[in-house]
Amino acid sequence: MAFTIKKICCIGAGYVGGPTMSVIAQQCPDIQITLVDMNTERIAAWNNPDLDQLPIYEPGLSDIVAEARDRNLFFSTDVEKAIEEADMIFISVNTPTKNYGKGKGMAADLKYIELCARQIADVATSDKIVVEKSTLPVRTAAALKSILHNTGSSVNFHILSNPEFLAEGTAVQDLLNPDRVLIGGENKEAIQALVDIYAGWVDKDRILTTNLWSSELSKLTANAFLAQRVSSINSISELCEKTGADVQEVAKAIGMDTRIGSKFLKASVGFGGSCFQKDILNLVYIARSYNLQEVADYWEQVILMNDHQKQRFADNIIQTLFNTVNGKKIAILGWAFKKDTNDTRESAAIYVADHLLNEQADIHVYDPKVPAEKVFVDLEYLNSRPDAETRRLASVSEDPYEACKDAHAIAILTEWDEFKTYDWARIKRSMKSPSFIFDGRKLLERAQLEELGFVYYAIGE
Ligand SMILES: NC(=O)c1ccc[n+]([C@@H]2O[C@H](COP(=O)([O-])OP(=O)(O)OC[C@H]3O[C@@H](n4cnc5c(N)ncnc54)[C@H](O)[C@@H]3O)[C@@H](O)[C@H]2O)c1
Ligand SMILES: O=c1ccn([C@@H]2O[C@H](COP(=O)(O)OP(=O)(O)O[C@H]3O[C@H](CO)[C@@H](O)[C@H](O)[C@H]3O)[C@@H](O)[C@H]2O)c(=O)[nH]1
């Protein structure tokens, strides 16, 4: 039996649900989409007439929301109503690393997923296609199936896995022109119903269908491979610093080998974001749960290398500043985990700053998109010291020149384009001497800065 999809509900209006559903609504004006979330503030922000106040910053997103909102795209806190009315339900809730109990610090916490499944099971009175959009451990669909099919009602549920591969900062472009769309499932008609939606704007050759488990595992694997490239080049950056090789030159030289490819070879202060670490830890946990110790150790090293990269960046600042940063003002440019997003989850900046705060440095943060309070909350979450001390040592500036004034050093931790356009001569004049720059993104030009009198350190040089 072919399915006709007229109404979609998406549970979870976050970094994935928001942009994904906005693009589907834009591309498929005949489908009515309701994004629901239990976070009332988030939903209110999605409904804010002022498009600058949307809860998520992504280039191009506000135009799409402006086009589709209140036409066929709706944001609501009425989860039950949206579930009841929908033909297809996307689950796009967060699946963070568990911070309690069995698997603490490793496994994905599936409590939000289970809650969604139970809510769907309780509310649904007609057949539904349930789509896993969240990133999930392989075989989660089996648990979902068990919850949905044990309701005692005659409602049929078809479960699909449709992991999302968008990267933040380029979410809209990634959704409009995906390298591939992956759909795993068991029921051919249900799979076809989702294929038909994407086929509205995605080339059919790029829509891949697989079994459920391959789809679930492909998502974890893709992130593990991407993160592994960053850790691999970061490991080489340290060797470059010892030997006189330049990591950018090495990356270019190896990236021109078509078997290696040039993407994801940018050495950095360490990868951040809500996905890489969480998903690799989860992969490691799954491997260990099948007693595959070598597999687990292999992937765990990607995380250990990343931790080392953040740590050694902070250590290098301390060492270079004559082995003490106590009472010294250090400007941190960039708090988001990458440019063009306001997301700070697992940002390397948090860990570098925390390390410097442990040494009693006086931290001044500037980021073009991250609100001040978020910076404090991120630091306080680590619980490294009393909150009052964090707020005494750290501050947030709305102006980059203020952040850098009287600083002993500047650490560049996000690759925001605007940092390249600053009046660096003015910044130099306002700083203490010697004036150090620690470029964790290799964003600036060494020759220009050295000419201005800075002492310039960059990852991998
Ligand atoms: N952020 C990314 O770039 C990205 C990309 C691909 C995949 N993913 C995966 O997508 C999933 C979602 O990630 P995200 O970044 O959008 O998370 P997020 O935290 O931004 O959004 C999740 C939302 O779900 C809501 N929620 C949780 N449980 C709920 C429930 N029972 N009912 C209603 N709302 C509920 C939360 O309030 C939150 O607003 C995760 O599994 C993540 O790994 C994320
Ligand atoms: O050469 C590189 C590439 C990335 N990074 C860093 O790696 C992190 C992650 O970057 P990126 O992958 O671009 O952003 P995410 O939004 O985390 O996207 C990843 O995680 C998502 C969530 O699962 C997936 O959907 C995407 O495909 C995957 O790229 C950031 O801190 C980047 O600065 C580097 O340091 N060097």
Side-chain angles (χ1 to χ4, degrees), residues 14-16 39 41-42 45 54-58 94-100 104-105 109 167-169 227 230 268-281 303 306-307 309-311 313-315 317-318 325 329-400 402-403 407 409-416 419 438 440-441:
Y15 282 87
V16 168
N39 180 335
E41 266 175 43
R42 218 169 206 186
L54 294 184
I56 285 163
Y57 171 72
E58 274 293 339
N94 37 329
T95 49
T97 304
K98 247 184 120 180
N99 59 6
Y100 56 90
K104 179 179 176 179
D109 191 344
E168 290 181 24
V230 179
S268 66
V269 57
F271 60 74
S274 62
C275 296
F276 280 178
Q277 173 162 307
K278 156 178 87 73
D279 293 347
I280 295 177
L281 288 173
I303 301 288
N306 196 49
D307 290 342
Q309 189 77 347
K310 293 180 276 190
Q311 177 82 35
F313 186 85
D315 285 342
I317 296 179
I318 297 162
V325 289
K329 175 169 175 180
I330 299 177
I332 291 190
L333 296 185
W335 194 258
F337 79 97
K338 62 186 283 197
K339 73 171 179 179
D340 291 339
T341 178
N342 59 350
D343 194 350
T344 66
R345 289 177 288 181
E346 293 300 329
S347 179
I350 303 170
Y351 296 93
V352 171
D354 187 61
H355 197 62
L356 296 172
L357 289 172
N358 284 343
E359 296 293 325
Q360 302 283 305
D362 178 11
I363 295 292
H364 286 243
V365 177
Y366 167 77
D367 186 287
K369 289 287 175 201
V370 177
E373 191 52 28
K374 186 82 187 81
V375 173
F376 293 116
V377 169
D378 286 341
L379 287 169
E380 286 164 4
Y381 184 76
L382 296 182
N383 244 330
S384 302
R385 67 197 69 75
D387 293 353
E389 191 182 335
T390 295
R391 286 182 188 247
R392 179 172 60 76
L393 291 170
S395 56
V396 181
S397 304
E398 288 198 353
D399 171 23
E402 271 306 306
I410 297 172
I412 297 177
L413 299 184
T414 312
E415 72 282 25
W416 285 104
F419 299 164
F438 297 90
R441 298 290 186 163

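Small disclaimer: the values here were computed from a predicted structure and weren't measured.
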Counting N and O atoms only, with roles assigned by atom type, does the side chain of [X] sit under 3.5 Å from a partner on the main chain of [Y], one being a donor and the other an acceptor?
X: N94; Y: P96; answer: no
X: K338; Y: E168; answer: yes
X: T341; Y: G169; answer: no
X: Q309; Y: V269; answer: no
X: K329; Y: A403; answer: yes
X: E346; Y: C275; answer: no
X: R441; Y: W416; answer: no

Set of salt bridge (Lys or Arg N to Asp or Glu O under 4.0 Å) partners for E380, sequence neighbours left out: R391
Evaluation steps, side chain to side chain donor-acceptor pair (under 3.5 Å), between D109 and Y100: CA-CA 9 Å; D109 191 344; Y100 56 90; 3.0 Å; yes
Side chain to side chain contact (heavy atoms under 4.5 Å, CB included) between R385 and D354, worked out: CA-CA 9 Å; R385 67 197 69 75; D354 187 61; 2.8 Å; yes
Note, Q360 side chain near E389 side chain (heavy atom, < 4.5 Å):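 The answer is yes; the side chains approach within 4.5 Å.
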Those residues that, when tested against Q277, pass side-chain hydrogen bond (donor to acceptor under 3.5 Å, both in side chains) (two or more places apart):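 Partners of Q277 by the side-chain hydrogen bond (donor to acceptor under 3.5 Å, both in side chains) criterion come out as none, since no residue qualifies.
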Quick one: pull up [atom1] in [X] and [atom2] in [Y] and give me the separation to the nearest 0.5 Å.
X: F438; Y: I330; atom1: CZ; atom2: CD1; value: 7.5 Å
X: F376; Y: S395; atom1: CZ; atom2: OG; value: 6.5 Å
X: D367; Y: L333; atom1: CG; atom2: CG; value: 9.5 Å
X: Y366; Y: D399; atom1: OH; atom2: CG; value: 7.5 Å
X: I350; Y: D378; atom1: CD1; atom2: CG; value: 4.0 Å
X: I56; Y: K369; atom1: CD1; atom2: NZ; value: 13.5 Å

Least distance between heavy atoms, [X] atom then [Y] atom:
X: K278; Y: S274; value: CE-O, 3.3 Å
X: T414; Y: A336; value: OG1-O, 2.7 Å
X: I332; Y: A353; value: CD1-CB, 3.7 Å
X: I280; Y: A227; value: CD1-CB, 3.4 Å
X: H355; Y: A314; value: CD2-CB, 3.1 Å
X: G270; Y: A348; value: O-CB, 3.8 Å

More than 12 heavy atoms of other groups within 6.0 Å of Q311 CD: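 Buried by this count: over 12 neighbours within 6.0 Å.
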Neighbour count above 12 (heavy atom, 6.0 Å) for E41 CD: no
Pair N342-Y15, side-chain donor/acceptor within less than 3.5 Å: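 The answer is yes; a qualifying pair exists.
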Working for side chain to side chain contact (heavy atoms under 4.5 Å, CB included), residues L413 and S347: CA-CA 9 Å; L413 299 184; S347 179; over 6 Å; no
